[in-house]
> 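Please see the structure below; I have some questions.
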Amino acid sequence: MTETSSSPSSPNSPSPHRFPVVVVGAGPAGLTVGCVLRAAGVDCLVLETGTREFIEGRPRAGVIEEPVVRGLERRGLAGNLLERARRDTACEFRFDGERHRFGFHELTGRHHWVYPQQFLVTDLVREYVDVRGGAVRFGVRDVRLDGLDGDRPAVSYVCPESGRREVVACDFVAGCDGARGVTRAAVAGRARVARHDYGIGWLALLAEAPPSADRVLFGCHPDGFAGQMPRSAEVTRYYLQCPPGDDPENWPHERVWAELRRRLGAAGAEPLTEGRLIEKRVLDMHDYVTEPMAFGRLHLAGDAAHLVAPIAAKGLNLALHDAFALGDALAARLLKGDGTGLAGYSESCLRRVWDYQEFSQWLSELYHGGAGGDPFRAGTALARLRRLFSSPAAAAAFAERYLGTAARY
């Protein structure tokens, strides 16, 4: 059932069909922008094609960098996360039949937070709608953008209840609707889009089974990468390298667990606990970056602007960094007439985006270089792995980039 909260005709709205900002997309980026604006006293309307139940139940990424958590905390958006999230202080690499623990907290004093994205989205929806009184339309269809290059942009959509097209005038549009959304399509042919294809796939799995170790595991095996990412005491995320475009049905229960045992196997390792596979899909590893991230009155954030393969678990973090910057910049422009933040938004965000893309490529060679059948790549990948555990400088540099604390933007 489609849900509607905080009607545009509510007392918070300047008029029935006008908002200073229309946010397209109710993912982590869009909801965070909305929460930041509402906290500043700026009215906005969030449009989302899915239902509230759908976006709150959709399993996605779960690793959040500590700087991002602190950004959420400063904006009053981290209450449940701080209480419920798991804290990761170490990971473990498995290669050459051996286990190698990497204690990044011991090196940096920082850690990762593990909080499934659907929990974060649920928190953000409640904060935006129920606490801060934000306007939202779920289940909308056929969203269209007009007048983005002028002073009077507008966004229209088909209302799911009435079937009528509704038009909303605004000052700015925040494009937070992902890789296949209308805001990214609106800049097609105008933006420069850089793409990279890794030529591999990952079979993404969710298992109703406790993790075999209380940390993230990276299996760098000649037959392909494998990963274990604990999500809770009862659910574990696993990844298996596979051909791009592979059919998940080629991976029945027995084959999945046999490959996980083999690729994550190491001397003294705990046996894997098998469980029912509740999700099984193939992710083709590729990246893109859209430059610039701003076009007239439209500003893109998250996957609408850039996609980084889940190799380094950076996508959710980049989206939230974008949202912090965009929400703050829009508030400054609308409340104080200060356009500095909006003018520098694209350039500032893209510095971080490219830094994370480069790290993802580096890490991909670490994970996958030994499995491509090329002895030179296999040798250099093994050299990288060994260096992490023999060079304090290499270990510290990796830890900073892995945790998202290497650079300031």
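Note that the structure is a prediction, hence the values are computed from the model and not measured.
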> For residues L107 and A396, report the shortest heavy-atom separation together with the two atoms involved.
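Result for this residue pair: CD1-N, 4.4 Å.
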
> Do R261 and E259 meet the salt-bridge criterion of a basic N to acidic O distance under 4.0 Å?
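Judged by the 4.0 Å cut-off on N to carboxylate O distance, E259 and R261 do not form a salt bridge.
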
> Classify the ring geometry of F95 against F389: parallel below 30°, tilted from 30° to 60°, perpendicular beyond 60°.
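If you compare the ring of F95 with that of F389, the planes turn out tilted.
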
> Taking the inter-plane angle between the rings of F398 and F359 on a 0 to 90° scale, is it parallel (under 30°), tilted (30 to 60°) or perpendicular (over 60°)?
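Tilted.
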
> Between R384 and E365, does any NZ, NE, NH1 or NH2 come within less than 4.0 Å of an OD or OE carboxylate oxygen?
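Judged by the 4.0 Å cut-off on N to carboxylate O distance, E365 and R384 do not form a salt bridge.
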
> Any side-chain to backbone donor/acceptor pair from R255 onto N250? Under 3.5 Å, distance only.
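Side chain of R255 to backbone of N250, a donor-acceptor pair under 3.5 Å: yes, one is there.
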
> Any Lys/Arg nitrogen of R87 or E66 sitting under 4.0 Å from an Asp/Glu carboxylate oxygen of the other?
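Salt bridge between R87 and E66, a charged N being under 4.0 Å from a carboxylate O: no.
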
> Are any non-hydrogen side-chain atoms of E56 and T51 less than 4.5 angstrom apart?
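When only atoms from C-beta onward are counted, T51 and E56 do not touch, as no gap falls below 4.5 Å.
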
> Would you say the side-chain atoms of R132 pair up with the backbone N or O of C35, donor to acceptor, closer than 3.5 Å?
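Side chain of R132 to backbone of C35, a donor-acceptor pair under 3.5 Å: yes, one is there.
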
> Ignoring hydrogens and geometry, is there a side-chain-to-backbone donor-acceptor pair from T32 to P28 under 3.5 Å?
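It does hold such a pair.
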
> Are the side chain of D322 and the backbone of G302 linked by a donor-acceptor contact shorter than 3.5 Å?
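Flag set: sc D322 to bb G302 pair under 3.5 Å.
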
> Is there side-chain contact between H100 and E92, with heavy atoms separated by less than 4.5 Å?
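No, side chains not in contact.
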
> Contact between V42 and L335 at the side-chain level, heavy atoms closer than 4.5 Å - yes or no?
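Side chain of V42 against side chain of L335, heavy atoms only: contact under 4.5 Å found.
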
> What pair of heavy atoms forms the shortest contact from R110 to F104, and how long is it?
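Heavy atoms only, the tightest pair is O-CD1, 3.8 Å.
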
> Any idea how H299 and Y345 line up, ring-wise: parallel (<30°), tilted (30 to 60°), or perpendicular (>60°)?
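Perpendicular: the ring planes of H299 and Y345 meet at over 60°.
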
> Which heavy-atom pair separates A135 from Y128 by the least distance, and what is that distance?
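Reported closest heavy-atom pair: O-OH, 2.7 Å.
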
> Rounded to the nearest 0.5 Å, what separates atom OG1 in T236 from atom CG in L206?
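It comes to 8.5 Å.
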
> Restricting to non-hydrogen atoms, name the atom on R297 and the atom on R333 that form the minimum distance, rounded to 0.1 Å.
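Heavy atoms only, the tightest pair is NH2-NH2, 4.4 Å.
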
> Kindly say whether M293 contributes a backbone atom to a donor-acceptor pair with the side chain of S346 at under 3.5 angstrom?
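Indeed, once roles are kept as given, a pair shorter than 3.5 Å links the two residues.
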
> With a cut-off of under 6.0 Å to the ring centre and 45° to the axis, is R84 in cation-pi contact with F119?
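That pair qualifies as a cation-pi contact.
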
> Going from OG on S364 to CD on Q241, what distance comes out if it is rounded to the nearest 0.5 angstrom?
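Output value for this atom pair is 8.0 Å.
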
> Measure the spacing between NZ of K280 and CG of L240 and express it to the nearest 0.5 Å.
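Rounded to the nearest 0.5 Å, the NZ-CG separation comes to 11.0 Å.
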
> Below 30° counts as parallel, above 60° as perpendicular, anything between as tilted: where do the rings of Y238 and W257 land?
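Geometry flag for W257 against Y238: perpendicular rings.
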
> With no hydrogens and no angle check, just 3.5 Å: does a side-chain donor-acceptor pair link D88 and W113?
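No.
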
> So that I can tick it off, tell me whether E65 and R70 are bridged by a salt bridge, with the cut-off set at under 4.0 angstrom between side-chain N and carboxylate O.
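So R70 does not pair with E65 through a salt bridge.
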
> Using a 4.5 Å cut-off on heavy atoms from C-beta on, say whether the side chain of V125 contacts that of I55.
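A side-chain contact under 4.5 Å exists here.
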
> Is the closest side-chain heavy-atom distance between L203 and V256 below 4.5 Å?
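With C-beta onward as the side chain, the pair touches.
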
> Is there a donor-acceptor contact under 3.5 Å from the side chain of S156 to the main chain of V167?
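Pair absent, no side-chain N/O of S156 close to backbone of V167.
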
> More than 12 heavy atoms of other residues, nucleotides or ligands under 6.0 Å from CD of E347: yes or no?
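Atom CD in E347 is not crowded, with 12 or fewer foreign heavy atoms closer than 6.0 Å.
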
> Can R144 and D142 be counted as an ion pair, charged N to O under 4.0 angstrom?
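Salt bridge: yes.
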
> In this structure, which one of H111, H112, H105 forms a ring pair (Phe, Tyr, Trp, His ring centres under 6.0 Å) with Y402?
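Result: among H111, H112, H105, H112 is the only option passing the ring pair (Phe, Tyr, Trp, His ring centres under 6.0 Å) with Y402.
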
> Testing W251, Y367, W202 one by one against Y239 for a ring pair (Phe, Tyr, Trp, His ring centres under 6.0 Å), which residue passes?
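So the option named by the test is W202.
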
> Within the side chain of D197, is there an N or O that forms a donor-acceptor pair under 3.5 Å with the backbone of G199?
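Here the side-chain-to-backbone pair exists.
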
> Can you name the closest pair of heavy atoms from M285 and A309 and give their distance?
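Distance-wise, the nearest heavy atoms are SD-CB, 3.9 Å.
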
> Do I64 and L81 pass the side-chain contact (heavy atoms from CB on, under 4.5 Å) test, and can you show the C-alpha distance, the side-chain angles, and the key distance before you say yes or no?
CA-CA 10 Å; I64 308 180; L81 187 157; 3.8 Å; yes

> Quick one: does F295's side chain get under 4.5 Å of R190's, heavy atoms only?
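Answer yes - side chains close enough.
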
> Does D287 have any salt bridge (Lys or Arg N to Asp or Glu O under 4.0 Å) partners at least two apart in sequence or in another chain, and if so, which?
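D287 satisfies salt bridge (Lys or Arg N to Asp or Glu O under 4.0 Å) with no residue once adjacent residues are dropped.
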
> To check you understand the geometry: which heavy-atom pair defines the closest contact between A213 and Q228, and what is its length?
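So the two residues come closest at O-NE2, 3.3 Å.
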
> Give the C-alpha distance, both sets of side-chain angles, the deciding distance and a yes or no for salt bridge (charged side-chain N to carboxylate O under 4.0 Å, His left out) between E358 and R401.
CA-CA 10 Å; E358 189 278 330; R401 303 189 72 196; 2.3 Å; yes

> Roughly how far apart are S360 OG and H196 NE2, rounded to 0.5 Å?
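Atom-to-atom, S360:OG and H196:NE2 are 8.0 Å apart.
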
> For R75 and G71, indicate whether the former's side chain and the latter's backbone hold a donor-acceptor pair under 3.5 Å.
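Side chain of R75 to backbone of G71: a pair is present.
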
> Working to the nearest 0.5 Å, report the span between CG of N80 and CG of L82.
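Reported value, rounded in 0.5 Å steps: 9.0 Å.
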
> State plainly whether the residues D171 and R18 are in salt-bridge range, i.e. N to O under 4.0 Å.
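Looking at R18 together with D171, the answer is yes, because their closest N to O distance falls below 4.0 Å.
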
> Can you measure from CG (L307) to CZ (R195) and round to the nearest 0.5 angstrom?
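The CZ atom of R195 is 10.0 Å from CG of L307, to the nearest 0.5 Å.
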
> Given 3.5 Å as the limit, does a donor-acceptor pair link the side chain of R263 with the main chain of F225, or not?
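At least one qualifying donor-acceptor pair exists.
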
> I'd like to know if the side chain of D123 pairs up with that of Y115 as donor and acceptor (distance under 3.5 Å, no hydrogens or angles considered).
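Their side chains do contain a donor-acceptor pair, which is all the 3.5 Å distance test asks for.
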
> Could you check, using the six-membered ring where one of them is a Trp, whether H286 and Y198 have ring centers closer than 6.0 angstrom?
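No, ring centres 6.0 Å or more apart.
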
> Kindly state each residue pair satisfying ring-ring contact (aromatic ring centres under 6.0 Å, His included) with at least one member in residues 305-327, sequence neighbours excluded.
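Matches after skipping sequence neighbours: none remain.
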
> Taking D177 for its side chain and V182 for its backbone only, find out whether a donor-acceptor pair lies under 3.5 Å.
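The answer is yes, because a donor-acceptor pair under 3.5 Å joins these two groups.
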
> Would R192 and E291 pass as an ion pair if we require N to O under 4.0 Å?
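Between E291 and R192 there is a salt bridge, with a charged N closer than 4.0 Å to a carboxylate O.
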
